[in-house]
Amino acid sequence: MGSNGAGKSSLINAVIGLFSAKSGRIVFDGQDITTLTCAARARLGIGYSPEGRRVFNSLTVTENILSGSIRVPRAEAMRNLDWLMSAFPLLAERASQPANQMSGGQQQIVAIARAVVAMPKLLLLDEPFLGLAPVWIRQVGEMVNQLKARGTTILMTEQMAKPALKLVDCAYVVRNGENRRSGTVEEIRDEALAEEYL
C-alpha cells in the first residue's frame, strides 16, 4: 500500500521484469530471476495484471482471457477457463462480447482472468481497484479470495487501503520507494490507515 508515486508499481514491474533491479536480487521459488526476461518469468509461473486493465479491445472476453494461456497446453487452458467461468458467471455471460463494450469493473475482471488462466504460482495485481465503483471493488475482492482459496500467492499493490486490508494476510506500507511499515493486517491496520497518504 502507498500513495501515488510511492514505488508500488515499480516494485511489481521489477518482479515481472519490465524494470531492471538497480541493486539486490529477485528470488522466486528458490531461483534467482533477477536477469531473466519477462517471458522466462511467466514460464516459471508468474502472472501479471497491469494497472488500468488494458484489455484487448478488438477481442472478445473469451479471446482476451485465453490470450494469457500461452505457457500451458490448450486442454489445460480450457479447463482453467471453465473454472473461471463457473466461479465468475459474468465471464460466461459476456463470453462473446467485445471487451471494450464492458464497464471498467467488468474489464478488470477480464484482465485478472487473463492473468490467471495459466494458473500462475504467483499473481501480480497492480492497483486492481483503480477507478472502480464499490460494487466492482467487492467483485474483484471476491475474485482475489477465490484465487487465494485455490492456493495462488498474490502480490497486490493498492492505494485504497481499506478494501485491500480485507483481503490480505500481511501488508507493507511503501513511501518514496521504501518499506515504512510491515506486518499482519492486525499489527498494522490502525497505523497504516492513520498515515496521511492512505
Side-chain angles (χ1 to χ4, degrees), residues 8-9 11-18 26-34 36-56 59-97 99 102 105-130 132 136-158 163-164 166-172:
K8 304 181 308 298
S9 293
L11 171 64
I12 291 278
N13 288 333
V15 174
I16 195 61
L18 293 173
I26 300 170
V27 178
F28 173 66
D29 205 15
Q31 180 179 345
D32 187 337
I33 64 169
T34 310
L36 294 183
T37 65
C38 294
R41 296 177 200 212
R43 284 191 294 273
L44 289 175
I46 301 178
Y48 172 56
S49 180
E51 177 184 340
R53 298 175 283 280
R54 301 186 196 171
V55 296
F56 297 110
L59 301 182
T60 66
V61 167
T62 297
E63 290 167 341
N64 261 280
I65 296 169
L66 288 176
S67 71
S69 67
I70 193 165
R71 72 174 185 86
V72 297
R74 175 106 175 135
E76 183 179 344
M78 296 309 291
R79 285 193 301 273
N80 295 342
L81 177 65
D82 287 343
W83 177 81
L84 285 163
M85 289 188 166
S86 65
F88 309 104
L90 166 75
L91 299 175
E93 293 164 9
R94 305 294 182 90
S96 300
Q97 181 177 348
M102 303 176 80
Q106 293 167 335
Q107 288 183 26
Q108 184 65 288
I109 297 288
V110 172
I112 295 172
R114 181 181 61 216
V116 168
V117 72
M119 292 302 167
K121 297 175 186 175
L122 172 64
L123 175 62
L124 305 173
L125 296 178
D126 195 4
E127 302 275 6
F129 301 145
L130 182 67
L132 299 188
W136 290 109
I137 289 175
R138 287 192 295 274
Q139 292 281 332
V140 170
E142 175 58 25
M143 189 172 204
V144 168
N145 280 328
Q146 291 207 39
L147 293 168
K148 282 175 57 182
R150 275 186 71 103
T152 304
T153 298
I154 300 171
L155 176 61
M156 175 174 67
T157 66
E158 189 53 65
K166 293 177 182 176
L167 301 173
V168 301
D169 300 310
C170 58
Y172 303 85

Donor-acceptor pair, distance only, cut-off 3.5 Å: does the side chain of [X] make one with the backbone of [Y]?
| X | Y | value |
| --- | --- | --- |
| Arg54 | Ala111 | no |
| Glu158 | Phe129 | yes |
| Arg114 | Leu66 | no |
| Thr34 | Ile26 | yes |
| Asn64 | Phe56 | yes |
| Asp126 | Pro50 | no |
| Arg94 | Val61 | no |
| Gln108 | Gly105 | no |
| Asp32 | Val27 | no |

Kindly compute the distance separating [atom1] ([X]) from [atom2] ([Y]), expressed to the nearest 0.5 Å.
| X | Y | atom1 | atom2 | result |
| --- | --- | --- | --- | --- |
| Glu127 | Ser9 | CD | OG | 5.5 Å |
| Arg71 | Arg43 | CZ | CZ | 10.5 Å |
| Met156 | Ser49 | CE | OG | 11.5 Å |
| Ile154 | Leu122 | CD1 | CG | 9.0 Å |
| Leu155 | Tyr172 | CG | OH | 9.0 Å |
| Leu59 | Ser67 | CG | OG | 6.5 Å |

For a quick test of reading the model, state the closest non-hydrogen atom pair linking [X] to [Y] and the distance between them.
| X | Y | value |
| --- | --- | --- |
| Leu84 | Leu91 | O-CD1, 3.9 Å |
| Ala95 | Met85 | CB-CE, 3.8 Å |
| Val117 | Leu81 | CG2-N, 4.2 Å |
| Gly47 | Pro120 | N-CB, 3.4 Å |
| Ile109 | Met143 | O-CE, 3.7 Å |
| Ser69 | Ala77 | CB-CB, 3.5 Å |

Subject >> Residues Met119, Val72; criterion side chain to side chain contact (heavy atoms under 4.5 Å, CB included); working and verdict >> reply: CA-CA 9 Å; Met119 292 302 167; Val72 297; over 6 Å; no

**OP:** Please test Gln31 against Leu36 for side chain to side chain contact (heavy atoms under 4.5 Å, CB included), starting from the C-alpha separation and ending with a verdict.
**Re:** CA-CA 10 Å; Gln31 180 179 345; Leu36 294 183; 3.9 Å; yes

Original post:
When you look at Tyr48 and Val15, which way does the side chain to side chain contact (heavy atoms under 4.5 Å, CB included) test go after all the steps?
Top reply: CA-CA 10 Å; Tyr48 172 56; Val15 174; over 6 Å; no

**OP:** State, yes or no, whether a side-chain contact exists between Leu90 and Val110 at a heavy-atom distance under 4.5 Å.
**Re:** no

Original post:
Can you list the residues that meet the salt bridge (charged side-chain N to carboxylate O under 4.0 Å, His left out) rule with Asp29, with sequence neighbours excluded?
Top reply: Lys121

Subject >> CA sep, side-chain torsions, deciding dist, call: Gln106, Trp136, side chain to side chain contact (heavy atoms under 4.5 Å, CB included) >> reply: CA-CA 8 Å; Gln106 293 167 335; Trp136 290 109; 3.3 Å; yes

**OP:** Any pair with a residue in residues 142-156 that passes side-chain hydrogen bond (donor to acceptor under 3.5 Å, both in side chains), sequence neighbours left out, goes on the list, sorted by first then second residue, please.
**Re:** Glu142-Gln146

Subject >> More than 12 heavy atoms of other groups within 6.0 Å of Phe28 CZ >> reply: yes

